[in-house]
Asker: 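The structure that follows is given in the form of C-alpha coordinates.
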Amino acid sequence: MYRGKGFALRYGFKYTKGNLVVFIDADMNIHPRQILTFIKEMERTGADVVVGSKRHPDSKINYPSTGKYLVKFITGS
(Lines give C-alpha, C1' and ligand atoms only; values in the text may rest on other atoms or scores of the structure.)
Protein backbone atom coordinates (compact mmCIF):
# COMPACT_ATOMS: atom_id res chain seq x y z
CA MET A 1 0.00 0.00 0.00
CA TYR A 2 1.45 3.36 -1.06
CA ARG A 3 0.98 6.02 1.61
CA GLY A 4 3.11 8.79 0.14
CA LYS A 5 6.41 10.48 0.81
CA GLY A 6 5.17 12.26 3.94
CA PHE A 7 4.21 8.97 5.56
CA ALA A 8 7.56 7.45 4.61
CA LEU A 9 9.45 10.38 6.18
CA ARG A 10 7.40 10.32 9.40
CA TYR A 11 7.88 6.56 9.66
CA GLY A 12 11.61 6.95 9.12
CA PHE A 13 11.89 9.71 11.74
CA LYS A 14 9.96 7.59 14.24
CA TYR A 15 12.23 4.55 13.97
CA THR A 16 15.60 6.13 13.22
CA LYS A 17 18.48 5.86 15.66
CA GLY A 18 21.88 7.52 15.52
CA ASN A 19 23.66 10.82 15.82
CA LEU A 20 23.16 11.80 12.18
CA VAL A 21 20.22 10.87 10.00
CA VAL A 22 20.03 11.55 6.28
CA PHE A 23 16.97 11.35 4.08
CA ILE A 24 17.70 11.67 0.37
CA ASP A 25 15.43 11.20 -2.63
CA ALA A 26 16.18 8.43 -5.11
CA ASP A 27 15.99 10.82 -8.07
CA MET A 28 19.56 11.94 -7.34
CA ASN A 29 18.71 15.65 -7.60
CA ILE A 30 20.92 15.94 -4.54
CA HIS A 31 23.79 13.50 -4.91
CA PRO A 32 24.86 11.41 -1.89
CA ARG A 33 28.32 13.02 -2.21
CA GLN A 34 26.68 16.18 -0.85
CA ILE A 35 26.07 14.54 2.54
CA LEU A 36 29.59 15.43 3.68
CA THR A 37 28.94 19.06 2.67
CA PHE A 38 25.81 19.07 4.83
CA ILE A 39 27.67 17.60 7.81
CA LYS A 40 30.42 20.22 7.47
CA GLU A 41 27.77 22.96 7.35
CA MET A 42 26.16 21.57 10.51
CA GLU A 43 29.52 21.63 12.27
CA ARG A 44 30.37 25.11 10.99
CA THR A 45 27.07 26.68 12.03
CA GLY A 46 26.03 24.49 14.95
CA ALA A 47 22.78 23.70 13.12
CA ASP A 48 20.57 20.81 14.20
CA VAL A 49 19.09 20.40 10.72
CA VAL A 50 20.41 21.05 7.21
CA VAL A 51 18.12 20.97 4.19
CA GLY A 52 19.43 20.76 0.64
CA SER A 53 17.21 22.38 -1.96
CA LYS A 54 17.48 22.55 -5.72
CA ARG A 55 15.24 25.63 -5.52
CA HIS A 56 17.72 27.66 -3.44
CA PRO A 57 18.99 30.69 -5.41
CA ASP A 58 22.62 29.51 -5.06
CA SER A 59 21.88 25.96 -6.26
CA LYS A 60 23.60 24.79 -9.40
CA ILE A 61 21.77 21.92 -11.05
CA ASN A 62 23.18 20.01 -13.99
CA TYR A 63 20.56 17.65 -15.32
CA PRO A 64 21.76 15.18 -17.95
CA SER A 65 20.26 16.19 -21.29
CA THR A 66 18.70 12.75 -21.71
CA GLY A 67 16.86 13.21 -18.41
CA LYS A 68 15.43 16.56 -19.52
CA TYR A 69 14.14 15.10 -22.77
CA LEU A 70 12.74 12.02 -21.05
CA VAL A 71 10.78 14.16 -18.58
CA LYS A 72 9.44 16.30 -21.44
CA PHE A 73 8.47 13.16 -23.34
CA ILE A 74 6.70 11.59 -20.36
CA THR A 75 4.97 14.73 -19.12
CA GLY A 76 4.41 16.40 -22.48
CA SER A 77 5.81 19.68 -21.15
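Atoms considered below: every heavy atom in the structure, side chains included; atoms not considered: hydrogens, waters and symmetry mates. The structure presented is a predicted model; accordingly, all values stated were derived computationally and were not measured.
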Asker: Which pairs would a plain distance check flag for residues 34-41, meaning a side-chain donor or acceptor within less than 3.5 Å of a matching protein atom at least two apart in sequence or in another chain?
Answerer:
| unit_1 | atom_1 | unit_2 | atom_2 | d |
| --- | --- | --- | --- | --- |
| E41 | OE1 | R44 | NE | 3.2 |
| E41 | OE2 | R44 | NH2 | 2.7 |

Asker: Can you list the residues that meet the side chain to side chain donor-acceptor pair (under 3.5 Å) rule with K14, with sequence neighbours excluded?
Answerer: none
Asker: Which residues, ordered by chain and number, are linked to V51 in its hydrophobic cluster, where ILVMFWY side chains connect at heavy-atom gaps below 4.5 Å, directly or through other members?
Answerer: V49
Asker: Sequence neighbours excluded, which residues qualify as side chain to side chain contact (heavy atoms under 4.5 Å, CB included) partners of D48?
Answerer: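 For D48, no residue satisfies side chain to side chain contact (heavy atoms under 4.5 Å, CB included) once neighbours in sequence are set aside.
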Asker: Can you list, by chain and residue number, the hydrophobic cluster partners of V21 when the side-chain cut-off is 4.5 Å?
Answerer: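 Besides V21, the cluster holds L9, F13, F23.
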Asker: Output the rest of the hydrophobic cluster of Y11: all Ile, Leu, Val, Met, Phe, Trp and Tyr residues reachable through side-chain heavy-atom contacts under 4.5 Å, sorted by chain and number.
Answerer: F7, Y15
